[in-house]
Amino acid sequence: QSDKAPVVHADAQMYPLTTKRPRQLGSDIIREFTGETVPVDALYEELRDVSLQYGPAFQSIVKLTRNRQRGEVLATLQRPDCAGEDTGAYILHPSLLDGCFQSALSLMETRDGAYLPVALDAIQVFDSAQERIVCYTRIVSKDPARIVCDFDLADEEGNVFAAIRGLSCVALRGKSDAGSFPKGDYQRVWNALQPLEKVDQNVGLLGVVANPADLLADALVEVCLSM
């Protein structure tokens with residue numbers, strides 16, 4: 001056991017829900033929402049341009065229309081097949097929840113750089129989520145350092161099953177190049193170790209588990225094959 005004090009990464013307070021369910025998302029929102037329809041591939045390319053990279057399990061947005069002038073987004077999300085257990089195993093599936101947060105980031109311009117969600121005021125859950133949902137996002141306040149957003153999550157008929165209030169996303173101070181993380185984000189740091197004095201001759205195999213596009217994995221394999 002360590003004698004160091006535990007590190008608190010997050011804290012929250014939970015209460016029985018007494019708030020009334022929000023009204024349905026009416027036809028004026030779901031059917032008559034106007035704005036720029038963004039192809040999904042282009043959306044995730046925009047996010048990659050500010051070094052926010054989402055793997056297949058977290059690419060849950062299947063349709064998105066945004067209106068940057070009004071600060072609003074209407075997105076349709078579906079749990080990817082590769083995203084583990086179905087939505088019934090969760091109160092809010094992580095992939096769908098993160099997709100809602102991604103919809104807010106789509107309102108930012110590439111020149112604004114990266115923003116990351118760091119805190120929220122409340123999540124209200126009224127019913128279980130389906131595999132395919134609709135998320136209505138709007139910015140309630142914005143400055144160069146932070147945006148604050150509200151979300152209503154509904155089924156495709158507009159029945160609201162959850163509401164997220166006061167999600168804060170902070171700026172990471174500028175776009176970085178594609179080969180590095182945004183400033184302020186978690187960084188990959190390599191620390192040199194002393195060379196081994198001897199190598200166990202019984203070890204003949206090395207397994208490398210990585211994303212196919214990971215250049216570090218390719219470099220490790222190349223070095224091992226040259227030994």
Side-chain angles (χ1 to χ4, degrees), residues 12 14 17 19-50 52-108 115-117 120-140 147-169 211:
M14 301 182 67
L17 183 61
T19 305
K20 290 184 178 180
R21 182 193 296 260
R23 65 178 180 83
Q24 280 194 321
L25 295 184
S27 61
D28 57 327
I29 294 177
I30 291 184
R31 296 181 180 85
E32 300 175 14
F33 188 92
T34 59
E36 173 195 7
T37 298
V38 184
V40 173
D41 289 345
L43 169 66
Y44 284 106
E45 185 64 34
E46 286 182 7
L47 295 173
R48 280 193 292 271
D49 284 344
V50 291
L52 297 177
Q53 302 182 36
Y54 297 92
F58 278 86
Q59 294 184 20
S60 55
I61 296 175
V62 297
K63 182 180 178 182
L64 183 139
T65 302
R66 66 187 174 197
N67 190 312
R68 281 174 165 159
Q69 184 175 2
R70 295 199 309 264
E72 297 180 349
V73 175
L74 186 66
T76 301
L77 302 92
Q78 182 165 335
R79 181 189 66 84
D81 291 338
C82 61
E85 298 170 300
D86 62 25
T87 55
Y90 299 88
I91 296 176
L92 284 175
H93 194 286
S95 180
L96 296 178
L97 183 62
D98 201 79
C100 295
F101 298 164
Q102 295 166 24
S103 72
L105 301 180
S106 76
L107 288 168
M108 310 308 295
Y115 282 71
L116 284 184
L120 53 85
D121 291 338
I123 295 182
Q124 302 165 340
V125 180
F126 308 97
D127 206 342
S128 57
Q130 299 181 2
E131 293 284 293
R132 189 178 178 94
I133 68 170
V134 174
C135 179
Y136 173 48
T137 305
R138 56 263 184 214
I139 292 178
V140 296
I147 61 171
V148 179
C149 304
D150 286 348
F151 308 79
D152 285 327
L153 285 60
D155 61 24
E156 292 187 284
E157 301 302 317
N159 300 305
V160 175
F161 64 85
I164 301 172
R165 297 292 179 256
L167 175 78
S168 294
C169 300
N211 186 296

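Computed from a predicted structure; not experimentally measured.
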Visitor: Taking C-beta and beyond as the side chain, do Pro80 and Pro56 meet within less than 4.5 Å on heavy atoms?
Guide: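 Contact flag for Pro80/Pro56 side chains = no.
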Visitor: Can Arg70 and Phe33 be said to form a side chain to side chain contact (heavy atoms under 4.5 Å, CB included), step by step?
Guide: CA-CA 11 Å; Arg70 295 199 309 264; Phe33 188 92; 3.6 Å; yes
Visitor: So does Ser60 get a backbone contact from the side chain of Gln102, meaning a donor-acceptor N/O pair under 3.5 Å?
Guide: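 It does not hold such a pair.
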Visitor: Which atom names give the shortest non-hydrogen contact between Ser168 and Val148, and what distance separates them?
Guide: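 In terms of heavy atoms, the two residues are closest at OG-CG2, 3.9 Å.
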Visitor: Do the charged groups of Asp152 and Arg165 touch, with an N to O distance under 4.0 Å?
Guide: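 Salt bridge flag = yes for Arg165 with Asp152.
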Visitor: Are Phe161 and Leu92 close enough that some pair of their side-chain heavy atoms sits under 4.5 Å apart?
Guide: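 They are in side-chain contact.
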Visitor: Apply side chain to side chain contact (heavy atoms under 4.5 Å, CB included) to Leu64 and Val73, showing your working.
Guide: CA-CA 7 Å; Leu64 183 139; Val73 175; 3.7 Å; yes
Visitor: Looking at every non-hydrogen atom in both residues, tell me the closest pair between Thr87 and Leu96 and how far apart they are.
Guide: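 Where Thr87 meets Leu96 most closely, the heavy atoms are CG2-CD1, 3.7 Å.
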Visitor: When rounded to the nearest 0.5 angstrom, what distance separates CD1 in Ile147 from SG in Cys169?
Guide: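 With rounding to 0.5 Å, CD1 (Ile147) is 4.5 Å from SG (Cys169).
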Visitor: Are the side chain of Asp150 and the backbone N or O of Gly166 linked by a donor-acceptor pair below 3.5 Å?
Guide: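 Checking the backbone N and O of Gly166 against the side chain of Asp150, a donor-acceptor pair under 3.5 Å is found.
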Visitor: Please lay out, stage by stage, how Tyr54 and Leu52 fare under the test side chain to side chain contact (heavy atoms under 4.5 Å, CB included).
Guide: CA-CA 7 Å; Tyr54 297 92; Leu52 297 177; 4.0 Å; yes
Visitor: Show the nearest heavy-atom pair for residues Thr65 and Thr37, with the distance to one decimal.
Guide: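 Heavy-atom minimum between the residues: OG1-OG1, 3.3 Å.
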Visitor: From Thr137 OG1 over to Phe101 CZ, what is the distance, rounded to the nearest 0.5 angstrom?
Guide: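 Reported to 0.5 Å precision, the distance equals 10.0 Å.
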Visitor: Which distance, rounded to the nearest 0.5 Å, do you find between the CD1 of Ile123 and the CE of Met14?
Guide: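 Those atoms lie 9.5 Å apart.
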Visitor: Could you tell me which non-hydrogen atom of Leu153 sits nearest to which non-hydrogen atom of Ile164, and how far apart they are?
Guide: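 Looking at all heavy atoms of both residues, the shortest contact is CD1-CD1, 4.1 Å.
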Visitor: Output yes when a side-chain donor or acceptor of His93 lies under 3.5 Å from a complementary backbone atom of Glu85, and no otherwise.
Guide: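 Such a contact is found between His93 side chain and Glu85 backbone.
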Visitor: Mind checking whether Val125 and Asp127 have side chains closer than 4.5 Å, heavy atoms only?
Guide: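 No - every pair of side-chain heavy atoms lies 4.5 Å or more apart.
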Visitor: Would you give the length of the straight line joining atom NZ of Lys63 to atom OG of Ser103, rounded to the nearest 0.5 angstrom?
Guide: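 That separation rounds to 14.5 Å.
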Visitor: Mark yes or no for whether Arg79, through its side chain, and Gln130, through its backbone, hold a donor-acceptor pair below 3.5 Å.
Guide: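 No: the side chain of Arg79 does not pair with the backbone of Gln130.
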Visitor: Can you see whether Tyr44 engages Gln53 through a side-chain donor-acceptor pair at a distance of less than 3.5 angstrom?
Guide: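 On atom types as modelled, these side chains do not qualify, holding no pair under 3.5 Å.
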Visitor: Establish, for the pair Arg138 and Phe151, whether the NZ or CZ atom is under 6.0 angstrom from the six-membered ring centre and no further than 45 degrees off its axis.
Guide: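 Not flagged: Arg138 not positioned over aromatic ring of Phe151.
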Visitor: Between Ile139 and Cys149, what is the shortest heavy-atom contact and its length?
Guide: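 Scanning both residues completely, I find the closest heavy atoms to be CG1-SG, 3.9 Å.
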Visitor: Does the pair Arg66/Glu46 count as a salt bridge with the N-to-O cut at 4.0 Å?
Guide: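 Result for this pair is yes, salt bridge flagged.
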Visitor: Should Ile61 and Thr76 count as side-chain neighbours, where that means a heavy-atom distance under 4.5 Å?
Guide: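 No, too far: nothing below the 4.5 Å cut-off.
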Visitor: Would Cys135 and Leu77 count as a side chain to side chain contact (heavy atoms under 4.5 Å, CB included) if you check the C-alpha gap in whole Å, the side-chain angles of each, and the deciding distance to 0.1 Å?
Guide: CA-CA 8 Å; Cys135 179; Leu77 302 92; 3.6 Å; yes
Visitor: Looking at every heavy atom in both Ile133 and Cys100, which two are closest together, and how far apart are they?
Guide: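 In terms of heavy atoms, the two residues are closest at CD1-SG, 4.4 Å.
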